[in-house]
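To start, the structure itself, in structure tokens.
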Amino acid sequence: MHEPSQRSTGDPAPKPPGWHARPLRLTSGTRIAAYERGPHDAPPVLLVHGLGHWTAAAWDRLAPELETRHRLVAFDLPGFGDSDKPDVAYDLPFFVDALRQVADAFDLRRFALVGHSLGGLIAAEYAGLAPERVASLGLIDPAGFTRSGRLVLLMLASAPASRLFRARPSDGLVRRVLRRALYDPAQLERATAERACALAHEAGVIRAFARVYAGGFAQLGRMRALHAGFTRYQGPVALLWGRHDRYISVRSLEAARRVYPRARTSIFERSAHLPAVEEPAAVAAALSAIL
């Protein structure tokens with residue numbers, strides 16, 4: 001088993017409060033920062049964060065709303081957060097396989113799956129590939145349903161991706177991207193902004209972003225086939241969207257509804273791209289209908 005070619009530099013991120021760390025190693029050797037909280041014998045929920053995010057930033061506000069009745073499992077996607085940043089192709093099969101291995105490592109034989117943004121695309125693809133394991137599916141502002149320009153520049157504001165990947169982005173740019181993800185920028189916590197800036201300076205994170213966009217997720221070029229795969233999952237679905245999302249417009253909800261015509265849908269009026277951060281109680285209530 002080979003050692004990963006790129007490890008997060010500097011001090012590791014502190015363990016998210018309330019989460020119990022359980023680091024994993026994928027079959028490739030890539031180390032994954034994984035966490036769980038809540039009663040071990042409760043119904044399991046696997047959480048998949050979006051592009052550039054990590055467990056604490058994505059789920060710390062939502063988790064307390066769910067953990068009394070659910071066993072929550074979360075992990076930092078490879079290439080982001082405190083997981084390894086290997087020199088690989090960061091395409092959809094790569095991320096889906098990481099999700100599968102995390103589920104296996106936690107012995108999640110049948111579980112609810114909740115994904116945000118890029119994590120929503122990963123979750124939808126996994127559910128289509130392994131519908132027998134997914135008890136319910138929650139998609140929060142998910143990528144993968146439209147080909148809009150905003151999707152191409154997801155989490156990168158309006159700056160050209162190629163420019164960002166030639167050098168480390170400035171702290172100012174990182175903060176602007178984060179603020180634009182929120183309906184109320186005052187909700188951006190200082191610790192989250194500082195951690196995001198530190199991660200954005202890591203060579204492995206820059207490479208991961210570049211590989212995600214360079215590949216463009218080939219599946220997005222064949223949207224019809226991608227969505228046909230999603231429809232293999234016929235279980236309960238909840239589609240959740242922030243009304244003011246600047247990165248994946250709420251207009252994409254209609255495309256998602258065509259894929260999941262029986263889905264429960266919720267729009268959050270005081271949220272942009274991060275409803276789980278801005279309106280966690282409301283998001284938890286919407287998810288409770290399917291969990």
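Since this is a predicted model, take the numbers as computed values, not measurements. When reading the values below, keep in mind they use all heavy atoms of this one structure, side chains included, and skip hydrogens, waters and symmetry mates.
A distance of 5.5 Å separates CZ in Phe94 from OG1 in Thr30, rounded to the nearest 0.5 Å. Distance check, rounded to the nearest 0.5 Å: OH of Tyr260 to CG of Leu139 gives 5.5 Å. In this structure, CG on Leu118 lies 8.5 Å from NE2 on His49, to the nearest 0.5 angstrom. The line from CG of Leu66 to OG1 of Thr68 is 8.0 Å long, rounded to the nearest 0.5 Å. The CG atom of Leu121 sits 15.5 Å away from atom OH of Tyr126, with the distance rounded to the nearest 0.5 Å. The structure places CG of Asp76 at 8.5 Å from CG of Leu199, a figure rounded to the nearest 0.5 Å.
A heavy-atom distance below 4.5 Å is found between the side chains of His70 and Leu291. With a 4.5 Å cut-off on side-chain heavy atoms, Val237 and Arg262 do not count as touching. Leu92 has its side chain within reach of Ile122: a pair of non-hydrogen atoms, C-beta onward, lies under 4.5 Å apart. Leu77 has its side chain out of reach of His53: every pair of non-hydrogen atoms, C-beta onward, lies at least 4.5 Å apart. Between Val212 and Phe95, the closest side-chain pair of non-hydrogen atoms falls below 4.5 Å. In this structure, Pro275 and Asp141 have side chains that are in contact, with non-hydrogen atoms separated by less than 4.5 Å.
Here the shortest heavy-atom pairing between Gly120 and Pro142 reads CA-CB, 4.0 Å. Across all their heavy atoms, Ser83 and Ala33 have their closest contact at OG-N, 2.9 Å. Taking both residues in full, the closest heavy atoms of Ser252 and Phe145 are given as O-CB, 4.3 Å, listed atom of the first, atom of the second, then distance. Considering every non-hydrogen atom in both Val259 and Pro261, the closest pair reads O-CD, 3.3 Å.
Between Thr265 and Arg257, the side chains place a donor N or O and an acceptor N or O closer than 3.5 Å (distance only, hydrogens not considered).
Aromatic rings from Phe209 and Phe80 are positioned such that their centres are separated by under 6.0 Å.
Under a 3.5 Å cut-off, the side chain of Asp184 and the backbone N or O of Arg270 do not form any donor-acceptor pair. With hydrogens and angles ignored, the 3.5 Å screen pairs a side-chain donor or acceptor of Glu278 with a backbone N or O of Ala272. Not one N or O on the side chain of Ser266 forms a donor-acceptor pair closer than 3.5 Å with the backbone of Ala286. Side chain of Arg207 to backbone of Lys85: a donor-acceptor contact under 3.5 angstrom is found. Of the possible polar contacts, one joining the Tyr247 side chain to the Val177 backbone as a donor-acceptor pair under 3.5 Å is found. Remark: the backbone N or O of Ala256 is not paired with any side-chain donor or acceptor of His227 at under 3.5 angstrom. Panel note: side chain Asp245, backbone Val250; no donor-acceptor pair is recorded below 3.5 Å. Put simply, the side chain of Tyr233 never gets that close to the backbone of Gly229: no donor and acceptor are under 3.5 Å apart. Side-chain atoms of Arg133 come within 3.5 Å of backbone atoms of Leu108 as a donor-acceptor pair (strictly under, hydrogens ignored). Judged by distance alone, the side chain of Arg22 and the main-chain N or O of Ala105 form a donor-acceptor pair under 3.5 Å.
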- [ ] Decide side chain to side chain contact (heavy atoms under 4.5 Å, CB included) for Leu113 and Leu99; before the verdict, give the C-alpha distance in whole Å, the side-chain angles of both, and the deciding distance to 0.1 Å.
- [x] CA-CA 10 Å; Leu113 181 58; Leu99 187 162; 4.1 Å; yes
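Every residue meeting the side chain to side chain donor-acceptor pair (under 3.5 Å) condition with Arg61, not counting sequence neighbours, appears here in chain and number order: Gln187, Glu189. Under the rule for a side-chain contact (heavy atoms from CB on, under 4.5 Å), the partners of Ala135 that lie at least two apart in sequence or sit in another chain are Arg110.
Using a cutoff of 4.0 Å between basic side-chain nitrogens and carboxylate oxygens, Arg71 and Glu36 are scored as salt-bridged.
For Arg264, the CZ atom sits in a loose shell: 12 or fewer heavy atoms of surrounding residues, nucleotides or ligands are nearer than 6.0 Å.
Under the 30°/60° scheme for interplanar angles, the aromatic rings of His116 and Trp59 are found to stand perpendicular.
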